[in-house]
Amino acid sequence: MKYTVLTLFPEIIDAYFANSIMARAVKRGIVAYQALNIRDFAHDRHHTCDDAPYGGGAGMLMMAEPLGLALQSLGIVNRLDAGRESGDALSPTAALPPTVALSPSAARRVLYLSPGGRPFDQALARELAGENELVLICGRYEGIDQRIIDGFVDEELSVGDYVLSSGEVAALSVIDATYRLLEEVITPGSLAEESFSGGLLEYPQYTRPEKYATIAVPELLLSGHHEHIRRWRLRKRVEKTLRVRPDLIRKGLDTGIFDREICALIEELQDKPEKAGHSEGEA
Ligand code: SAM
């Protein structure tokens, strides 16, 4: 998987790729990335990338031209230009700085991170993890010129119903949620029962010491009885999902993804609020 990030702050992206599991994935060749500095594609003396919006209003907007040139340097065609004569404002390719060459046939998705986009969730993370390359455009200020969205972007993605000051953190969320789903990055077992797999949240987990601040680990987890532990964990997943994310339960029921055991637990637990505290060791 290759990630190409268009940003005014490549150092934020570089720092993320240089650390921890991601750094290892890059070293092992499972993941490749480049952070393109949009400012390198602004050719005035001050490398200006923003201007006031037409029609007035607060704040500045990222200009179309530097972003368009950055995208074209990757071989991405402006749909609005297709079939038109060259020589307009967005196609002076001779002025482009060098970037990593890409096969034009490579399967890639051009995504603009935006609070107005399609909600990004685990299902979409799984889908995007199947692409060869994700090109992620990070906005700043009041966002980007609409003509870039209309001309180049395949999809706008939102990481939540709140407004961040810039797209870098959102792009890194998409990168982080997708690369860990690639084969060989994380052991498949870790992914199998984590939150959102099978439409449920994760069960509570404990590690040493057995007693912390007078609270003991549920006894059943120390029993070594695998079937009891499995049932306890499943029950906890259903309990928590019912309490915190009833929308996931409704969705799972509507789409028929829950097996008989989960449906029975839902029926049993839905009118019964989860007990507080940590004494539940029941099977
Ligand atoms: N004026 C924009 C609006 O009202 O939709 C908000 C612009 S925001 C201050 C600046 C940039 O942060 C956006 O262009 C986008 O790239 C990023 N951003 C902010 N919130 C986001 C979210 N929830 N999901 C994805 N990107 C977000």
Side-chain angles (χ1 to χ4, degrees), residues 1-17 22 33-42 47-74 76 78-80 90 99 108-129 131 133-181 195-196 244-245 247-248:
M1 163 72 93
K2 175 166 184 176
Y3 296 100
T4 299
V5 185
L6 278 67
T7 169
L8 290 172
F9 297 90
E11 59 277 14
I12 297 176
I13 309 300
D14 290 337
Y16 172 76
F17 277 87
M22 176 55 101
Y33 94 101
Q34 68 173 334
L36 276 191
N37 190 340
I38 299 162
R39 221 170 272 292
D40 291 343
F41 298 84
H47 295 281
T48 310
C49 285
D50 60 297
D51 208 334
Y54 282 116
M60 303 293 270
L61 205 63
M62 286 176 69
M63 298 159 72
E65 193 168 58
L67 261 172
L69 288 173
L71 288 158
Q72 285 172 324
S73 79
L74 300 167
I76 299 168
N78 184 350
R79 287 187 289 266
L80 302 180
L90 285 180
T99 59
R108 60 182 167 189
R109 291 257 280 264
V110 180
L111 306 168
Y112 167 49
L113 285 310
S114 158
R118 172 179 171 189
F120 179 65
D121 61 11
Q122 190 65 16
L124 186 50
R126 272 186 226 110
E127 184 187 320
L128 294 179
E131 299 284 348
E133 182 183 3
L134 299 181
V135 177
L136 300 145
I137 303 172
C138 303
R140 279 255 160 179
Y141 319 114
E142 291 303 319
I144 69 174
D145 190 293
Q146 183 63 35
R147 289 165 290 186
I148 292 298
I149 300 172
D150 296 341
F152 295 94
V153 170
D154 294 320
E155 195 148 29
E156 293 181 62
L157 288 193
S158 167
V159 294
D161 289 350
Y162 43 80
V163 179
L164 298 164
S165 58
S166 72
E168 283 75 13
V169 171
L172 290 177
S173 298
V174 172
I175 292 168
D176 197 292
T178 50
Y179 97 97
R180 65 191 293 284
L181 300 175
S195 294
F196 308 113
V244 179
R245 293 291 305 274
D247 59 306
L248 291 179

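Read the numbers this way: they start at 1 and go in the same order the structure lists the ligands and their atoms.
- Counting heavy atoms under 4.0 Å from ligand 1, residue F120 does not touch it at all.
- R109 places no side-chain N or O within donor-acceptor distance of the main-chain N or O of L134, the cut-off being under 3.5 Å.
- Considering only heavy atoms from C-beta on, M22 stays 4.5 Å or farther from Y33 through its side chain.
- Residue-level proximity to ligand 1 for S166 is carried by the backbone, the only part with a heavy atom below 4.0 angstrom.
- Heavy-atom contacts of V163 reach the following atoms of ligand 1: 6 (C), 8 (S), 9 (C), 20 (N) (cutoff under 4.0 Å).
- A heavy-atom distance below 4.5 Å is not found between the side chains of I137 and L113.
- Ranking the protein heavy atoms by distance from atom 24 (N) of ligand 1 puts V159 N, 3.0 Å first.
- Close contacts between ligand 1 and G143 involve ligand atoms 14 (O) [criterion: under 4.0 Å to a heavy atom].
- The shortest contact between atom 23 (N) of ligand 1 and any protein heavy atom is with Y162 O, 2.8 Å.
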### Message
As a quick check of understanding, evaluate salt bridge (Lys or Arg N to Asp or Glu O under 4.0 Å) for R79 and D154, giving each step before the final call.
### Response
CA-CA 10 Å; R79 287 187 289 266; D154 294 320; 3.7 Å; yes
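- The protein heavy-atom contact nearest to atom 18 (N) of ligand 1 is P115 CD, 3.7 Å.
- For atom 14 (O) of ligand 1, the nearest protein heavy atom lies under 4.0 Å away.
- Of all protein heavy atoms, the one lying nearest to atom 7 (C) of ligand 1 is Y141 O, 3.5 Å.
- Any N or O atom pair closer than 3.5 Å counts here, and G139 shares at least one such pair with ligand 1.
- Minimum heavy-atom separation, F120 to L128: CE1-CD1, 4.0 Å.
- Atom 16 (O) of ligand 1 has as its closest protein heavy atom L113 O, 2.6 Å.
- Looking only at heavy atoms of the protein, atom 2 (C) of ligand 1 is closest to E142 O, 3.5 Å.
- With a 4.0 Å heavy-atom cut-off, ligand 1 is reached by the backbone of L157 but not by any atom from C-beta on.
- Looking at heavy atoms from C-beta onward, L172 lies in side-chain contact with I12 at the 4.5 angstrom threshold.
- Side-chain atoms of L61 and I144, non-hydrogen and from C-beta on, never get closer than 4.5 Å to each other.
- Ligand 1 has an N or O atom lying under 3.5 Å from an N or O atom of G160, backbone or side chain.
- Of the protein's non-hydrogen atoms, the one nearest atom 8 (S) of ligand 1 is L164 O, 3.2 Å.
- Judged by distance alone, the side chains of T178 and Y3 do bring a donor and an acceptor atom under 3.5 Å apart.
- The environment of R147 atom CZ is sparse: at most 12 non-hydrogen atoms of other residues, nucleotides or ligands sit within 6.0 angstrom.
- The atoms of ligand 1 that sit less than 4.0 Å from any heavy atom of A170 are 25 (C), 26 (N).
- Using a 4.0 Å cut-off between a side-chain N of Lys or Arg and a carboxylate O of Asp or Glu, R118 and E156 do not qualify as a salt bridge.
- Counting only heavy atoms of the protein, atom 25 (C) of ligand 1 lies nearest to S114 N, 3.3 Å.
- Environment of CG in D247: crowded, with over 12 heavy atoms of neighbouring residues, nucleotides or ligands closer than 6.0 Å.
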